[in-house]
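See structure below.
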Number of protein chains: 2
Amino acid sequence: MDADTPAPRRRARRRPAGPDRVSARDVARHAGVSIATVSRVLNDSGPVADRVRRLVAQAIDELGYTPNAAARALVRSRSETIGAVVPTLENATFAIAVEALQSRLRQAGYTLLLASSGYDRSNESTQVRALLARGVEGVMVVGGAHDPEIEQLCAARGVPLVQTWTLRPDVACVGFDNRAVGRQLADYLLDLGHRQIGVVAGVTRGNDRAAERVAGITEALAARGLDLPREQLIERPYRIAEGQIGLRALLASEPRPTAVICGNDLLAFGAMLEARKRGIRVPDELSIAGIDDLEFAADLDPPLTTIRVPAEEIGRRSAEYLIDRLDGQTVATVTEVATSLIVRGSTGPAPQRGDRE
Amino acid sequence: MDADTPAPRRRARRRPAGPDRVSARDVARHAGVSIATVSRVLNDSGPVADRVRRLVAQAIDELGYTPNAAARALVRSRSETIGAVVPTLENATFAIAVEALQSRLRQAGYTLLLASSGYDRSNESTQVRALLARGVEGVMVVGGAHDPEIEQLCAARGVPLVQTWTLRPDVACVGFDNRAVGRQLADYLLDLGHRQIGVVAGVTRGNDRAAERVAGITEALAARGLDLPREQLIERPYRIAEGQIGLRALLASEPRPTAVICGNDLLAFGAMLEARKRGIRVPDELSIAGIDDLEFAADLDPPLTTIRVPAEEIGRRSAEYLIDRLDGQTVATVTEVATSLIVRGSTGPAPQRGDRE
DNA sequence: TTGTAAGCGTTATCAA
DNA sequence: TTGATAACGCTTACAA
């Protein structure tokens with residue numbers, strides 16, 4: 001995909017078709033006042049006689065006038081626009097966050113410019129640059145590891161940037177500690193007696209959240225003197241079908257894991273499907289856990305043990321951070337949202353030696 | 001939610017913080033040329049000596065110049081911006097479409113402004129108005145029934161509007177015949193011998209797609225001399241848990257349906273959960289069908305019979321329609337995308353009298 | 001091949 | 001309480 005090189009337009013019309021756009025000048029003429037007065041009633045800046053105000057309002061109505069946002073943005077140097085770049089909307093967790101982000105932004109009068117990166121760092125950078133060129137006043141991105149250019153560009157223009165799904169002390173962010181999440185999941189399974197733990201992670205290249213989750217798992221294992229051998233760590237894109245592939249690969253390894261941590265719920269769903277297909281009883285023979293707590297997680301059979309990630313809250317709080325910053329308020333730069341381990345039926349004690357078969 | 005009344009900003013700064021934005025004038029000065037020349041190399045309009053071109057390019061680089069989109073939009077009266085309003089991104093089918101829409105738009109140099117309506121017609125209208133005020137050059141909405149204001153506003157400005165997930169001969173649209181889809185599903189089940197067909201529809205108020213689907217089902221039944229009694233038609237929001245509620249309601253009615261058509265796959269998933277919970281065998285005792293063919297549909301147990309809706313294609317083609325229109329091309333206004341019945345394991349022949357129990 | 005200058009539609013300053 | 005008018009940063013005739 002060459003999202004980078006916009007194709008040239010074939011024919012450039014000078015003005016949008018339709019009846020020539022009505023401007024403030026038209027309104028002014030129609031109401032028999034000056035254009036300055038029109039502006040004043042429009043923005044409620046400066047005094048206007050009630051009678052005049054009514055006149056202008058009526059003219060605006062009759063002419064169906066809408067102020068030109070570009071002109072306003074130009075003179076005020078404020079676009080009232082916020083940009084967001086997410087990896088993909090196909091992952092429900094990001095879709096939910098974007099939904100909340102947009103909704104909160106609109107309440108404050110901002111419009112959302114949306115782009116997606118496809119989990120590609122250089123593409124992400126391109127998208128941010130495009131948004132900045134469009135004059136966005138704030139930017140939201142997912143994750144804490146990016147092309148350094150992103151932070152630079154935003155900083156250079158004084159455009160606040162909020163990084164989500166991550167926690168970094170040095171930048172504005174709304175998220176959680178992915179490493180801790182990985183650790184928590186691993187510790188939980190270790191406490192259940194599992195010693196052979198496999199991982200179906202997301203693709204870690206260009207995805208610091210996925211990488212951190214793996215790191216957390218590794219840490220927890222190390223703390224108990226265990227390690228995560230290469231064959232026990234499979235990386236797959238975040239899709240159900242990939243979870244199946246991932247589990248298949250893990251099952252081929254020796255010793256066979258008694259528990260599998262998946263990078264998110266989609267992978268976990270796939271893993272559960274594969275286990276069922278192979279007649280492997282979950283959780284008796286194999287425990288499976290995910291991350292996100294998507295809508296369906298509680299409804300799988302057995303219900304999926306997972307880490308709840310408050311996507312809606314992340315989106316909403318990101319919006320609030322940007323809104324407040326643009327409002328000139330000083331706000332906490334680091335916002336941690338609470339995740340929590342939701343224990344359901346897909347995980348259980350490690351099978352005793354001999355339990356199996 | 002009062003998304004309609006943006007709260008007033010607390011403090012309005014004059015210019016965005018940071019080092020005063022570098023303008024074309026700065027670049028011109030730096031390169032020792034006129035501002036017109038800068039514009040020429042920037043847009044590749046008009047002749048520029050190679051040497052000068054290099055000079056300017058270098059200056060642009062050194063100064064980190066980015067053209068001001070608002071100024072450009074103002075003078076060209078083109079914002080290179082497209083607006084979309086979907087019911088919600090929480091429904092994967094819309095998320096996928098938006099993803100495709102955005103990606104295709106960017107390729108053509110457009111940026112996507114996104115808003116959501118929450119399935120509320122007046123809110124949808126508000127969002128469209130906001131987008132129009134932002135100067136979008138094209139608009140995408142979901143469905144074919146809206147506040148009439150929407151079509152008027154777009155028409156008045158000559159802004160192309162594409163309506164999706166629907167087929168209307170009189171307007172630009174990319175979609176399919178929801179009524180036909182409902183009919184097809186009902187006919188399929190009728191052909192299997194079902195005579196007691198229940199429906200868990202989406203909420204039809206303000207949702208013409210949901211309403212059309214129900215209408216199609218009703219039609220198919222009528223064609224065989226059957227009707228759809230009130231108690232056999234349940235409307236619930238598009239969520240898994242609501243599907244459970246819906247099926248519960250249907251099961252309480254007499255005679256109990258042998259087949260249930262759900263407004264989308266989420267409702268169908270819920271219905272299947274409820275059936276399982278009650279020990280009702282699917283499809284032996286009860287057939288269940290959905291619409292959308294979401295990622296998980298094939299992986300349910302039993303796999304879900306559904307209608308495949310090409311959401312990605314709808315998004316992409318909507319983008320292409322708008323791009324071509326804005327390019328001055330004459331394009332087909334009505335684009336039908338193919339849906340297809342995917343028969344899987346969740347539906348089967350109607351149980352013979354006495355089969356049950 | 002280059003530069004000058006007239007807008008584009010607003011907002012905001014300053015007089016009146 | 002109102003009206004001229006100068007920006008805002010850019011594109012684009014038109015001149016040179």
Side-chain angles (χ1 to χ4, degrees), chain A residues 9 12-16 19-56 59-60 63-80 132-135 137 157, chain B residues 9 12-16 19-56 59-60 63-80 132-135 137 157:
Chain A
R9 198 93 351 78
R13 293 159 313 128
R14 180 75 181 73
R15 333 184 87 257
D20 262 20
R21 274 290 256 96
V22 11
S23 76
R25 191 197 316 290
D26 300 320
V27 175
R29 199 155 25 211
H30 196 82
V33 300
S34 84
I35 180 180
T37 300
V38 173
S39 173
R40 273 190 286 261
V41 337
L42 225 52
N43 302 291
D44 206 32
S45 57
V48 180
D50 267 7
R51 200 186 53 82
V52 177
R53 185 182 302 276
R54 264 194 304 279
L55 236 50
V56 172
I60 287 177
L63 271 48
Y65 166 72
T66 315
N68 179 316
R72 172 177 292 177
L74 177 57
V75 61
R76 288 210 209 161
S77 34
R78 283 190 41 35
S79 66
E80 310 211 291
L132 252 12
R134 286 290 202 264
E137 295 183 42
R157 290 152 208 256
Chain B
R9 197 94 351 80
R13 294 157 314 127
R14 181 73 179 73
R15 333 183 86 258
D20 260 19
R21 275 291 256 93
V22 10
S23 76
R25 192 200 310 291
D26 301 320
V27 175
R29 198 156 24 213
H30 196 80
V33 301
S34 84
I35 180 179
T37 300
V38 173
S39 173
R40 274 189 285 260
V41 337
L42 225 53
N43 302 292
D44 207 31
S45 57
V48 180
D50 268 9
R51 201 186 52 83
V52 176
R53 186 183 302 277
R54 266 193 304 279
L55 235 51
V56 172
I60 288 178
L63 270 49
Y65 167 71
T66 314
N68 179 315
R72 172 176 290 177
L74 177 57
V75 60
R76 289 208 202 155
S77 29
R78 295 207 5 56
S79 66
E80 311 211 288
L132 252 14
R134 286 291 203 261
E137 296 182 40
R157 289 152 209 256

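Letters go in sequence order (proteins before strands), and every chain restarts at 1. Values in this document were obtained by computation on a predicted structure and should not be read as measured data.
- Rounded to an integer number of Å, the gap from I60(A) CD1 to dT10(C) P is 10 Å.
- For R72(A) and dC10(D), the CZ to C1' distance is 20 Å, given to the nearest whole Å.
- Taking 4.5 Å as the limit, every side-chain heavy atom of V22(A) sits out of range of all side-chain heavy atoms of H30(A).
- Atoms CG (N43(A)) and P (dT13(C)) sit 13 Å apart, rounded to a whole Å.
- Residue pairs satisfying the salt bridge (Lys or Arg N to Asp or Glu O under 4.0 Å) criterion with at least one member in residues 35-50 of chain A, sequence neighbours excluded, are listed as follows: D44(A)-R53(A).
- Listed candidates were dT10(C), dC8(C), dT1(C). Nearest to the side chain of A49(B) is dT1(C).
- Rounded to whole Å, the distance from CZ on R76(A) to P on dG9(C) is 17 Å.
- Both A71(A) and R53(A) lie close to DNA chain D; mapped to their nearest nucleotides by heavy-atom distance, the more 5′-ward contact belongs to R53(A).
- For R134(A) (side chain) and E80(B) (main-chain N/O), a donor-acceptor pair under 3.5 Å exists by modelled atom type.
- Not one side-chain nitrogen or oxygen of N68(B) sits closer than 4.0 Å to the OP1 or OP2 atom of dC8(D).
- When heavy atoms are screened at a 4.0 angstrom cut-off, S39(B) is found touching base atoms of the nucleic acid.
- I60(A) contributes atom CD1, which lies 12.0 Å from atom CG of D26(A) (distance to the nearest 0.5 angstrom).
- Taking atom CZ of residue R21(B) and atom P of nucleotide dC10(D), one finds them 7 Å apart after rounding to whole Å.
- To the nearest 0.5 angstrom, N43(B) atom CG is 5.0 Å from R72(B) atom CZ.
- Formation of a donor-acceptor pair under 3.5 Å by the R78(B) side chain with backbone atoms of E137(B) is not found in this model.
- Atom pair L74(B):CG and dT12(D):P shows a separation of 12 Å (rounding to whole Å applied).
- Proximity note for V48(B) (side chain, C-beta onward) versus dT10(C), dT2(C), dT2(D): the nearest is dT2(C).
- Here dT10(C) presents its P atom at 9 Å from CZ of R25(A), a figure rounded to the nearest Å.
- Rounded to whole Å, atom C1' of dT1(C) lies 14 Å from atom CG of L55(B).
- Side-chain contact annotation: S77(A) with R21(B), donor-acceptor N/O pair under 3.5 Å absent.
- When heavy atoms are screened at a 4.0 angstrom cut-off, V38(B) is found touching no nucleic acid atom at all.
- Here the side chain of L42(B) is nearest to one of dC8(C), dT11(D), dG9(D), namely dT11(D).
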Quick one: which protein N/O atoms are closer than 3.5 Å to N/O atoms of nucleotides 3-7 of chain D? Pair and distance per line, please.
from   : atom 1 : to     : atom 2 : distance (Å)
dG3(D) : OP2    : S34(A) : N      : 2.8
dG3(D) : OP2    : S34(A) : OG     : 3.2
dG3(D) : OP2    : T37(A) : OG1    : 2.6
dG3(D) : N7     : R40(A) : NH2    : 2.8
dG3(D) : O6     : R40(A) : NH1    : 3.2

